[in-house]
Structure formats: C-alpha cells, structure tokens
Amino acid sequence: QVQLVESGGGLVQAGGSLRLSCAASGRFFSNYHMGWFRQAPGKEREFVAAISWSDTNTYYADSVKGRFTISRDNAKNMVFLQMNSLKPEDTAVYYCAANRKIVLKLIPSAWDSWGQGTQVTVSS
C-alpha cells in the first residue's frame with residue numbers, strides 16, 4: 001500500500017483558487033489509480049475527481065466539472081487537484097485516495113489507501 005499526505009488546503013474567498021497536493025510514499029505509485037474525495041460536516045464522503053494509473057483518463061463529479069483539474073506526476077509520486085472558481089459549497093475536508101483495482105469505481109468503499117485530509121474553507 002501507499003501512504004498519502006495531503007497539503008494545500010486553507011481559507012479562500014468565493015471565486016478564488018487553491019491547489020491541493022498529495023505526496024505518496026511506497027512502491028509502485030504509477031500502478032495506482034489516484035483520487036480526491038471530500039466530506040463536509042454532517043455529510044457523507046463524496047467523490048470529487050480521479051485519474052487512472054496510466055494518466056490517460058480523468059473523471060470528475062458533475063459539481064466540479066469545468067472548475068477542478070486533477071493531475072499526477074509519477075516521477076515525483078505526486079497527485080494534484082487544481083480548484084478554480086471555488087464556491088462556499090466546496091467547503092469540506094479533502095482526502096487523497098489510492099487504489100490498484102482493475103476496475104475503477106468512484107465510490108469511497110472501493111479505495112484502499114487514504115490520507116489524513118486537508119481542510120478547504122470557501123467564504124462567501
């Protein structure tokens with residue numbers, strides 16, 4: 001398994017931008033699908049974005065499509081989430097996740113490894 005550490009969260013005004021980073025340690029990072037999920041207070045954890053191990057496919061929740069971009073750097077064992085045009089409803093703890101399953105499922109239970117999370121707060 002990989003160990004994941006997120007960074008880059010913070011407080012930003014609506015319309016602003018943040019870039020989240022996730023550093024992975026462990027072997028065979030390039031074999032893992034990588035994803036971002038978020039959890040707001042009182043709500044279930046939800047899918048935000050994912051990128052395939054091959055870096056050829058990306059997936060986004062409808063609520064962030066066109067505003068967020070996921071990317072990865074396999075040489076540095078890093079994955080990123082660029083968040084633009086942020087809205088107050090994007091406020092949540094954001095988690096980096098990894099999985100090696102052949103079929104990529106965009107539900108939290110399908111993911112094997114998780115970071116500790118980073119808080120993103122968007123003020124109106």
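L86 has its side chain within reach of L18: a pair of non-hydrogen atoms, C-beta onward, lies under 4.5 Å apart. Residues L104 and N99 form a side-chain contact, since some pair of their non-hydrogen atoms from C-beta on lies under 4.5 Å apart. Within the 4.5 Å cutoff, side-chain heavy atoms of I70 are placed close to those of Y60. Side-chain contact between F68 and L81: present, with at least one pair of heavy atoms (C-beta onward) separated by less than 4.5 Å.
Hydrophobic clustering (ILVMFWY, side-chain heavy atoms < 4.5 Å, transitive): Y95 and M83 are in distinct clusters.
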Worked verdict on L20 versus V120 for side-chain contact (heavy atoms from CB on, under 4.5 Å): CA-CA 9 Å; L20 304 185; V120 171; 4.0 Å; yes
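Cation-pi geometry between R72 and F29 is satisfied (NZ or CZ under 6.0 Å from the ring centre, within 45° of the ring normal). Remark: R45 is positioned above the aromatic ring of W114, its terminal NZ or CZ atom under 6.0 angstrom from the ring centre and at most 45 degrees off the axis.
Between Y32 and A98, the shortest heavy-atom contact is CD2-CB, 3.8 Å. Pairing each heavy atom of V48 with each of Y94, the nearest pair is CG2-CE2, 4.3 Å. Between Y59 and L106 the shortest heavy-atom distance is CB-CD1, 4.0 Å. The heavy-atom pair separating M78 from S21 by the smallest distance is CE-CB, 3.8 Å. Shown here for I51 and T58, the closest heavy-atom pair between the two residues is CG1-CG2, 3.9 Å.
Between the side chain of H33 and the backbone N or O of W53, at least one donor-acceptor pair lies under 3.5 Å. Judged by distance alone, with hydrogens and angles left aside, the side-chain atoms of S113 form no donor-acceptor pair with the main-chain N or O of Q1 at under 3.5 Å. At least one donor-acceptor pair closer than 3.5 Å links the side chain of T91 to the backbone N or O of V122.
Atom NZ of K43 has 12 or fewer neighbouring heavy atoms from other residues, nucleotides or ligands inside a 6.0 Å radius. Remark: K101 NZ is packed, more than 12 non-hydrogen atoms of other residues, nucleotides or ligands lying under 6.0 Å away.
For F47 and F37, the gap between ring centers is short of 6.0 Å.
Listed by first and then second residue, the salt bridge (Lys or Arg N to Asp or Glu O under 4.0 Å) pairs that reach into residues 27-41 are R38-E46, R38-D90, sequence neighbours excluded.
For W36, there are no ring pair (Phe, Tyr, Trp, His ring centres under 6.0 Å) partners at least two apart in sequence or on another chain.
Atom OG of S52 and atom CG of N57 lie 4.5 Å apart (nearest 0.5 Å).
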Taking distance alone, no hydrogens or angles, what donor-acceptor pairs closer than 3.5 Å link side-chain atoms of residues 2-17 to residues at least two apart or in another chain?
| from | atom 1 | to | atom 2 | distance (Å) |
| --- | --- | --- | --- | --- |
| Q3 | OE1 | S25 | OG | 3.3 |
| E6 | OE1 | Q116 | N | 3.0 |
| E6 | OE1 | Q116 | NE2 | 3.4 |
| E6 | OE1 | G117 | N | 2.9 |
| E6 | OE2 | C96 | N | 2.8 |
| E6 | OE2 | G117 | N | 3.2 |
| S17 | OG | N84 | OD1 | 2.9 |

